[in-house]
Amino acid sequence: MITYKDAGVDVEAGYEAVRLMKDDVKSTHTPGVLNALANFGGLFELDASFIANNPVLVSGADGVGTKLKLAIAMKKHDTIGIDCVAMCVNDIACLGAKPLFFLDYIAQDKLDPIKVAQIVKGMTVGCRETGCALIGGETAEMPGMYNKDEYDVAGFAVGIVDKEKIIDGSKVEKGDVLVGIGSSGLHSNGFSLVRRLFYIDSQSLSRYVSEITCTMGEELLRPTKLYVKPLLNLINDVDVHGVSNITGGGFIENIPRMLKGDMGARIELGSWDIKPIFDIIKKKGELDNRAMFNTFNMGIGMIVAVSKDDADKAVESLNNNGCSAYIIGEVTTGNSEVELCGKE
């Protein structure tokens, strides 16, 4: 007789993973959560505190990409979950939405309950910081799909916004000021290029680099910044016309997503301090500005468009909410083009 365990799937390990993560998951629960992990679906009640005049649900799904390779090489799995949450909730916050709940997907060749619990612990950190409840997910054991010790992570978030308050870029005007919000580092984008440029293993990642005052692994594995609360507070303080999350595709791809077709953007290089890690990557790859700004966030994780009159107030609001913020450019006439001006 050949059992399921003989085929490579250990259901008991799944039960142990749920036991280890249960308390962390419960710590994220908000008043809207109705059920526990044992049910087949996550229930979330929209009571009067959530419902606006015309409520709209906003959803987003994302993963962490090949940054996972670094977490695996370093055997450090307690921050990658923060990245997964951030990649989802930062996106929906761009539309002015408050995150309500989050679900995760973790897949491994052979289920390791301790590793899964560490990943989920990071997710609960991200959820608590953004007021988002972790109400369910899937832990999949799939023999033959992944190499030994490898895993994949993805997430899905749902938020809510009043229809009249959706930020969809329709209010962006030529002459609007672009305010950049500082990133924590690479976040979760550009790692396929980074891995191509640098030989990534436990030894190279543990090497101390004086320019970044930490090891390469610590810098590259630094979690994606969570922008939800500072951004929602900013929306209450000023009239935000548009928001771009600077993820895959960097400035060049993401800024036009909040602009109308006859608009472009002028970015003033030198208006913020670019983190040393980007200089290291640029030098190693012999990359020009266009390539860097088309791949990485370059130290700016989120960009908001506001009127010229509100620009200083926007910077002040973001600074007061724990973010470094800079006036980095303006909306111009153009064909969805991003112009990089000046010198770094």
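Hydrogens, waters and symmetry mates are skipped; everything else that's a heavy atom, side chains included, is used.
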Item to check | Flag side-chain contact, heavy atom, 4.5 Å: Val209 against Glu219 | outcome: no

Item to check | Check: Asp104 and Val153 side chains under 4.5 Å, non-hydrogen atoms | outcome: no

Next on the checklist: With a sphere of 6.0 Å drawn around CD of Gln203, does it hold more than 12 non-hydrogen atoms of other residues, nucleotides or ligands?
Outcome noted: no

Next on the checklist: Please evaluate residues Thr30 and Phe44 with respect to the criterion side-chain contact (heavy atoms from CB on, under 4.5 Å), reporting the C-alpha separation (whole Å), side-chain torsions for both, the decisive distance (0.1 Å), and the verdict.
Outcome noted: CA-CA 9 Å; Thr30 58; Phe44 194 94; 3.5 Å; yes

Next on the checklist: Test of understanding: clusters of I, L, V, M, F, W, Y form through side-chain heavy atoms closer than 4.5 Å, transitively. Do Ile166 and Val58 belong to the same one?
Outcome noted: yes

Next on the checklist: Keeping Ser244 on the side-chain end and Ile246 on the backbone end, is there a donor-acceptor pair under 3.5 Å?
Outcome noted: no

Checklist entry - Considering only heavy atoms from C-beta outward, does the side chain of Leu205 approach that of Glu218 to under 4.5 Å? => result no

Checklist entry - Are Ile106 and Ile114 co-members of a hydrophobic cluster defined by side-chain heavy atoms under 4.5 Å apart? => result no

Next on the checklist: Are Met87 and Ile92 linked, directly or through intermediate hydrophobic residues, by side-chain heavy-atom contacts shorter than 4.5 Å (ILVMFWY only)?
Outcome noted: no

Next on the checklist: Are there over 12 heavy-atom neighbours, none belonging to Leu43, within less than 6.0 Å of that residue's CG?
Outcome noted: yes

Checklist entry - Under 4.5 Å between any side-chain heavy atoms of Leu103 and Leu134, yes or no? => result no

Item to check | Hphob cluster co-occupancy, Leu57 + Phe101, side-chain heavy atoms under 4.5 angstrom | outcome: yes

Item to check | Test side-chain hydrogen bond (donor to acceptor under 3.5 Å, both in side chains) applied to Lys225 and Asn90, step by step | outcome: CA-CA 9 Å; Lys225 188 172 180 64; Asn90 284 347; over 6 Å; no

Checklist entry - Do Leu46 and Val33 share a hydrophobic cluster, counting only Ile, Leu, Val, Met, Phe, Trp and Tyr and linking them when any side-chain heavy atoms are less than 4.5 Å apart? => result yes

Checklist entry - So does Lys313 pair up with Glu316, basic N to acidic O under 4.0 Å? => result no

Checklist entry - Does the side chain of Val243 reach to within under 4.5 Å of the side chain of Ile303, using non-hydrogen atoms? => result no

Checklist entry - Can you tell me how far CE of Met21 sits from NZ of Lys26, rounded to the nearest 0.5 angstrom? => result 16.0 Å

Checklist entry - Sub-3.5 Å donor-acceptor pair from the side chain of Lys115 to the main-chain atoms of Asp149, do we have one? => result yes

Hey, can you pull the donor-acceptor pairs under 3.5 Å for the side chains in residues 325-342, sequence neighbours left out?
| unit_1 | atom_1 | unit_2 | atom_2 | d |
| --- | --- | --- | --- | --- |
| Glu330 | OE2 | Arg266 | NH1 | 2.7 |
| Thr332 | OG1 | Gly264 | O | 3.4 |

Checklist entry - Once you round to the nearest 0.5 Å, how far does NZ of Lys121 lie from CG of Asp24? => result 4.0 Å

Next on the checklist: Could you check whether atom CG of Asp312 has more than 12 heavy atoms from other residues, nucleotides or ligands sitting under 6.0 Å from it?
Outcome noted: no

Next on the checklist: I'd like to know if the side chain of Asn233 reaches the main chain of Lys229, judged simply by a donor and an acceptor atom lying under 3.5 Å from each other, with no hydrogens or angles considered.
Outcome noted: yes

Next on the checklist: Within a 6.0 Å radius of atom CG on Asp273, are there more than 12 heavy atoms belonging to other residues, nucleotides or ligands?
Outcome noted: no

Checklist entry - Do the non-hydrogen side-chain atoms of Phe191 and Leu186 ever get within less than 4.5 Å of each other? => result yes

Checklist entry - Lys275 side chain to Met298 main-chain N or O, any donor-acceptor pair under 3.5 Å? => result no

Next on the checklist: Has Gln118 got a side-chain atom pairing as donor or acceptor with Gly122's backbone, closer than 3.5 angstrom?
Outcome noted: no

Next on the checklist: Run Tyr227 and Thr130 through side-chain contact (heavy atoms from CB on, under 4.5 Å) and show every step you take.
Outcome noted: CA-CA 8 Å; Tyr227 292 104; Thr130 57; over 6 Å; no

Item to check | Ion pair Lys171/Asp176, N-O distance below 4.0 Å | outcome: no

Next on the checklist: If you count heavy atoms of other groups shown closer than 6.0 angstrom to NZ of Lys284, is the number above 12?
Outcome noted: no

Checklist entry - At their closest point, which heavy atom of Val161 faces which heavy atom of Ala97, and how far apart are they? => result CB-CA, 3.8 Å

Checklist outcome for this item: Separation between CG (Asn297) and OG (Ser184), nearest 0.5 Å, reads 7.5 Å

Checklist entry - Can you find a heavy atom in the side chain of Val306 that is under 4.5 Å from one in the side chain of Asp239? => result no

Item to check | Over 12 non-hydrogen atoms of neighbours within 6.0 angstrom of OH in Tyr208 | outcome: yes

Checklist entry - Taking side chain as C-beta onward, heavy atoms only, is Asn321 less than 4.5 Å from Leu231? => result no

Checklist entry - So, for Gly180 and Ile300, which heavy atoms are closest and what is the spacing to 0.1 Å? => result CA-CG2, 3.7 Å

Could you pull out all donor-acceptor pairs under 3.5 Å where a side-chain atom in residues 67-84 meets a protein atom, sequence neighbours excluded?
| unit_1 | atom_1 | unit_2 | atom_2 | d |
| --- | --- | --- | --- | --- |
| Lys67 | NZ | Asp83 | OD1 | 3.0 |
| Lys67 | NZ | Asp83 | OD2 | 3.3 |
| Lys67 | NZ | His187 | O | 2.8 |
| Lys67 | NZ | Arg222 | O | 2.8 |
| Lys69 | NZ | Glu150 | OE2 | 2.8 |
| Lys76 | NZ | Asp78 | OD1 | 3.0 |
| His77 | ND1 | Tyr151 | OH | 2.9 |
| Asp83 | OD1 | Ser188 | OG | 3.1 |
| Asp83 | OD1 | Thr224 | N | 2.8 |
| Asp83 | OD1 | Thr224 | OG1 | 2.6 |

Item to check | Interatomic spacing from CZ in Phe156 to SG in Cys88 - rounded to 0.5 Å | outcome: 9.0 Å

Item to check | Which atom of Phe278 lies closest to which atom of Met292, heavy atoms considered | outcome: O-CE, 3.3 Å

Next on the checklist: Between Ser317 and Asp237, do the side chains contain a donor N or O and an acceptor N or O under 3.5 Å apart?
Outcome noted: yes

Checklist entry - Roughly how far apart are Leu269 CG and Ile274 CD1, rounded to 0.5 Å? => result 6.5 Å

Checklist entry - Side chains of Thr215 and Arg207: is there a donor and an acceptor less than 3.5 Å apart? => result no

Checklist entry - So, Asp91 versus Asn245: side-chain donor-acceptor pair below 3.5 Å or not? => result yes

Item to check | Within 6.0 angstrom of Asp168 CG, more than 12 heavy atoms from elsewhere | outcome: yes

Item to check | Nearest-0.5 Å distance, CG of residue Leu193 to CZ of residue Phe198 | outcome: 9.0 Å

Checklist entry - Do Cys94 and Met302 pass the side-chain contact (heavy atoms from CB on, under 4.5 Å) test, and can you show the C-alpha distance, the side-chain angles, and the key distance before you say yes or no? => result CA-CA 9 Å; Cys94 287; Met302 194 82 73; 3.5 Å; yes

Checklist outcome for this item: Here the pair of heavy atoms bringing Ser307 nearest to His241 is N-CE1, 3.9 Å

Next on the checklist: With a sphere of 6.0 Å drawn around NZ of Lys308, does it hold more than 12 non-hydrogen atoms of other residues, nucleotides or ligands?
Outcome noted: no

Next on the checklist: Show, in sequence, the C-alpha distance, side-chain angles and deciding distance for Lys98 and Val228, and conclude whether the side-chain contact (heavy atoms from CB on, under 4.5 Å) test is met.
Outcome noted: CA-CA 8 Å; Lys98 170 183 169 54; Val228 171; over 6 Å; no

